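To start, the structure under review is shown below, and the notes come after it.
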4 protein chains.
Amino acid sequence: MVMQFMSDNAAAVHPAVWRAMMAADAADAPYDNDALSRELDAAFSALLGRECAALWVATGTAANCLALASMAQPHGGVVCHREAHIEMDEAGAPGFYLHGAKLLLADGASAKVTPESVAAVIDPIRDDVHQVQPHALSITQASEYGCVYRPREVAELAALARERGLGFHMDGARFANAVAFLDCAPGEACAGVDALSFGFVKNGGLGAEAIVFFDPDAAHMIRYRRKRAGHLQSKGRFLAAQILAMLEDDIWLSNARAANAAAAEIARGAGDRLLHPVEANEVFLSCTIAERDVLRAQGFGFYDWGVDAARLVTSWDAQDEHVSALARAIAGL
Amino acid sequence: MVMQFMSDNAAAVHPAVWRAMMAADAADAPYDNDALSRELDAAFSALLGRECAALWVATGTAANCLALASMAQPHGGVVCHREAHIEMDEAGAPGFYLHGAKLLLADGASAKVTPESVAAVIDPIRDDVHQVQPHALSITQASEYGCVYRPREVAELAALARERGLGFHMDGARFANAVAFLDCAPGEACAGVDALSFGFVKNGGLGAEAIVFFDPDAAHMIRYRRKRAGHLQSKGRFLAAQILAMLEDDIWLSNARAANAAAAEIARGAGDRLLHPVEANEVFLSCTIAERDVLRAQGFGFYDWGVDAARLVTSWDAQDEHVSALARAIAGL
Amino acid sequence: MVMQFMSDNAAAVHPAVWRAMMAADAADAPYDNDALSRELDAAFSALLGRECAALWVATGTAANCLALASMAQPHGGVVCHREAHIEMDEAGAPGFYLHGAKLLLADGASAKVTPESVAAVIDPIRDDVHQVQPHALSITQASEYGCVYRPREVAELAALARERGLGFHMDGARFANAVAFLDCAPGEACAGVDALSFGFVKNGGLGAEAIVFFDPDAAHMIRYRRKRAGHLQSKGRFLAAQILAMLEDDIWLSNARAANAAAAEIARGAGDRLLHPVEANEVFLSCTIAERDVLRAQGFGFYDWGVDAARLVTSWDAQDEHVSALARAIAGL
Amino acid sequence: MVMQFMSDNAAAVHPAVWRAMMAADAADAPYDNDALSRELDAAFSALLGRECAALWVATGTAANCLALASMAQPHGGVVCHREAHIEMDEAGAPGFYLHGAKLLLADGASAKVTPESVAAVIDPIRDDVHQVQPHALSITQASEYGCVYRPREVAELAALARERGLGFHMDGARFANAVAFLDCAPGEACAGVDALSFGFVKNGGLGAEAIVFFDPDAAHMIRYRRKRAGHLQSKGRFLAAQILAMLEDDIWLSNARAANAAAAEIARGAGDRLLHPVEANEVFLSCTIAERDVLRAQGFGFYDWGVDAARLVTSWDAQDEHVSALARAIAGL
């Protein structure tokens with residue numbers, strides 16, 4: 001048997017999500033005209049402490065790209081980290097959804113951009129028609145290396161975006177893990193953003209993410225774009241049900257806490273093998289091919305990360321004994 | 001209480017589908033690398049009697065548009081009926097997925113095109129660069145008015161498509177209902193098509209449709225396009241599970257038979273109010289506003305269809321007493 | 001020798017245009033930073049009696065599509081006549097430039113839409129996400145059948161556009177011919193439009209059309225889109241020179257008058273063969289294949305228009321004797 | 001008076017080009033059905049020693065992007081140097097013409113890629129649907145820093161492209177300058193490429209570039225795309241005339257030799273200020289702000305290149321005395 005630390009994408013669905021989906025089975029209006037879908041705006045406004053509109057979609061890629069489509073014109077650009085998910089892992093989806101708009105790549109440790117690294121990208125862009133002008137900024141909370149923007153960092157980037165006239169998007173595929181780490185109000189972890197991709201699938205959901213718009217005009221426009229992208233599911237009540245179930249009793253937060261705790265335990269045994277601070281549910285470990293063979297021989301599943309590293313991801317349903325075993329195995333390398 | 005005949009989209013999920021989804025909950029590889037997703041090609045090849053590759057997506061719009069993207073270049077056109085779903089109800093999704101390709105609209109009774117009506121569209125197109133050239137033909141089986149192409153009709157259109165160098169797509173959102181009506185091998189109902197959107201959501205599924213490609217190169221290319229469109233769900237095993245559950249024991253077919261039978265019963269009482277032959281699970285009824293008020297007062301829910309008609313759709317889980325009541329109510333108008 | 005009435009596109013370049021181009025040969029700043037390009041805004045503002053910004057491009061297709069790109073979102077639609085040039089003859093260019101937006105086709109005699117025919121297209125569109133919403137209205141002045149919108153007609157359509165929140169575009173490939181016919185101030189022939197494609201190529205230019213924007217924000221945005229479409233020529237001074245030469249001494253108007261007069265003379269001999277009123281420089285003539293053979297045998301070149309008709313187009317440089325000969329030939333059929 | 005070394009884009013039109021354009025004024029068939037346009041395929045086949053089809057367009061951006069559209073699918077990528085014109089200066093045009101395809105950026109001295117730097121980009125791309133797959137390779141001959149790929153270098157890159165299944169495009173905005181430097185048969189300077197953007201505007205033309213396709217299917221497809229992009233000028237005979245005039249008597253080559261010679265003379269006085277080898281008609285010079293002020297005070301016009309450098313471009317019509325004066329001025333800094 002393999003003890004899986006490959007991907008939180010592969011984890012099980014939370015029982016409360018299953019129950020909510022089955023409870024939604026009774027026929028209701030199709031698309032997003034059902035009672036559950038109509039609860040989302042209020043649920044997220046309450047959660048985030050700020051008036052917003054929330055749309056469900058099935059995937060993070062769709063959430064990110066639809067959010068960005070509300071901010072960047074086809075002839076514009078979106079500043080993001082050069083290791084951002086939208087740049088590296090979405091098969092060019094931003095180019096599709098934004099009709100050819102360009103990603104403008106910024107640097108920064110642990111896949112986090114800074115006001116300086118963003119400015120370094122946009123400052124050299126002359127305001128002339130030969131160059132792609134920046135229209136939006138997108139950051140990932142927690143980052144692709146499992147690192148979390150502090151509220152102050154988000155605020156500084158929001159201020160920069162506002163000052164430069166950029167829309168501000170947050171890819172929150174692991175927003176729950178970030179909030180769990182920060183131990184703050186969820187609204188603080190995304191203050192100043194114009195649109196938030198709020199992830200649930202990696203955290204106990206089945207196939208529903210929320211796009212949260214703080215600008216009602218953007219939400220209105222993106223309703224058309226969602227349908228046009230084939231993302232308006234006809235039995236949308238099942239997506240709304242998942243999201244509402246995750247929000248109820250703060251399952252989203254307790255699940256994230258469990259995943260973070262598992263990562264923290266693994267990290268404790270890892271010492272200076274850690275390539276990035278472990279703040280969410282991902283551990284990036286310096287280790288040789290031989291060492292990875294040792295771990296795999298003991299039954300652990302994970303991804304190689306380049307030649308000399310491994311990526312270990314913990315899930316909300318990580319089993320204690322697997323986590324402890326992995327921590328011991330790493331310490332014993 | 002309302003007796004719903006609004007939309008098969010709103011119907012319940014079949015219990016076997018729920019069971020299969022829950023059985024798929026154990027962690028497996030993400031995206032479509034799981035064991036269930038890998039069964040699809042073989043399952044559809046067996047069902048349709050022809051080697052094919054099958055990809056899941058969440059919606060019919062995505063299925064149709066990805067299928068068409070394998071056939072039509074951005075500078076080309078897709079011939080379809082002027083009342084086709086892709087023309088009327090998909091919010092311009094073909095324009096998005098095909099990067100601006102154009103729908104070329106053909107006529108035909110009951111939303112079915114004929115070789116003559118297709119030729120009438122493409123014959124006047126000169127082979128010059130000023131005009132959009134036809135690249136594909138798309139038909140809906142069963143049609144938007146619930147009418148079914150006979151195998152001979154499909155064969156004639158396939159021959160025309162081949163002769164004119166057009167890709168041939170079948171929107172099978174209600175393919176099951178068509179096969180149930182034809183009472184033929186499923187492969188006969190789509191013989192000669194290059195890609196088939198095989199619908200399950202309207203027929204007892206939750207959120208999974210199959211795109212069936214008879215050309216492996218097309219399937220390969222569309223795997224990239226599916227991801228790029230944000231339609232590669234990370235827990236794809238739950239989509240594969242739905243589809244496999246529907247195929248097992250021919251639930252797809254028995255569900256469609258049930259829905260068709262309900263429509264047939266309603267039709268029997270409708271006499272010359274019927275605007276189209278009732279061959280699948282849709283009944284289009286000539287009736288005045290006053291008559292519709294009468295039906296609604298008796299508890300029946302349905303859509304107006306323009307000024308003088310109503311659309312009644314039956315589902316796999318239609319209750320006999322509701323159906324009988326509706327048939328009687330219509331007869332009594 | 002053939003006496004050509006095929007296309008005003010094929011006519012010669014006016015001597016004043018040649019002179020202006022050669023005078024512009026001295027090196028100047030590239031793109032549209034040269035002195036001539038910078039004169040355009042003022043020249044068109046003076047001509048049309050309304051503050052505007054004018055951009056040159058090489059073709060009418062680029063002019064139309066860039067103008068429309070300032071009005072219609074990718075998920076929207078543009079209402080136009082079903083025989084409009086953008087629908088029939090631009091190879092799907094609107095789908096390219098508007099990123100998949102859809103043309104919504106209206107009826108009307110002589111390729112002119114009316115408030116009623118436009119309303120007939122947009123009124124049935126429900127405000128729901130399944131349907132492409134109208135974002136803009138585009139009319140052709142003079143129409144594809146050489147018929148001219150009267151100022152009152154333009155005003156009514158402008159009012160409708162404003163009321164429905166549509167952008168209003170005028171394809172003025174033959175705007176000069178329309179103004180010559182109306183014998184009004186040019187600003188009256190396009191009052192209320194948001195963007196005008198002002199054609200010169202068919203009227204004595206070489207390769208320069210103007211897009212005139214009455215909204216400065218639209219002009220600003222389209223400067224980026226023009227470059228992105230590869231239409232910002234590096235020696236743009238030669239395009240500006242053509243346009244300014246045509247405006248100087250009202251050459252644009254006298255050329256159009258000459259072409260219109262030639263068409264009128266041909267029309268006079270045509271009697272009830274005329275399929276449309278001859279108001280600009282196009283004559284559509286009912287005539288059999290045999291009759292067309294007769295005309296061609298006498299040395300006249302023109303296009304067939306379907307089976308039973310011919311299209312004859314006159315140019316600014318039409319020779320009197322050819323025109324008279326043609327008029328006599330038609331009368332003699 | 002300013003002695004201009006800003007841009008070869010701003011230079012005058014060669015007298016032979018003017019003569020040829022005026023000679024083409026007699027009416028001929030519109031678009032590219034005229035006699036001159038029909039000569040292009042043969043002219044380029046003879047020049048390049050290889051069967052090809054040649055299409056005119058007005059700009060290098062259109063030439064590059066249409067060429068690339070024949071090679072890269074919307075979901076693919078194009079490898080180019082990170083300082084390539086298509087990446088830096090075309091306002092995102094590749095994203096527009098390729099419907100969202102991505103540029104994949106390679107390194108290399110003097111804006112020239114190498115087989116190694118290209119492999120460094122494409123080797124890490126896993127063959128999975130999450131990553132943009134490379135479809136084409138584009139190089140610039142001469143490069144953006146005026147450096148020339150030797151035939152052996154082109155051959156190696158062609159071999160790599162073939163081996164990896166990539167289309168191979170050459171941006172030859174300054175192809176003439178490269179051939180003049182190499183002093184080889186023109187076909188040797190582009191051996192193995194699938195499409196060549198052959199520039200004329202910077203070298204004495206007015207507004208015409210050629211896209212040369214060595215694959216007839218690609219040329220056929222791009223004819224539709226050219227029209228769809230609004231680049232099929234109706235008086236195309238004037239573009240063909242320019243190109244044929246430049247080819248006749250090898251004006252394209254003698255013009256390029258003159259421009260190269262001027263750059264070489266400037267370079268001779270520049271010593272170790274040169275940032276790149278001067279092989280074509282561009283000189284990149286290390287010089288301080290104060291030194292640039294000195295040059296400008298003496299009447300020389302040029303662009304700053306970042307903080308510590310200047311870009312000087314020579315044209316086919318550079319005046320000897322200006323060139324000598326500049327060389328002396330630089331030597332005297």
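Computed from a predicted model, the values in this text were never measured in an experiment. Below, chains carry the letters A, B, ... as their sequence lines are ordered, and counting in each starts from 1.
- Between chain B and the residues C/Ala91, C/Gly76, C/Gly95, the largest count of heavy-atom pairs under 4.5 Å involves C/Ala91.
- Heavy-atom pairs under 4.5 Å with chain B were tallied for C/His75, C/Gln133, C/Met88; the largest tally goes to C/Met88.
- For the pair C/Lys102 (side chain) and B/Leu103 (backbone), a donor-acceptor distance under 3.5 Å is absent.
- Of all the listed residues (C/Glu90, C/His130, C/Gln131), the one sharing the greatest number of non-hydrogen pairs under 4.5 Å with chain B is C/His130.
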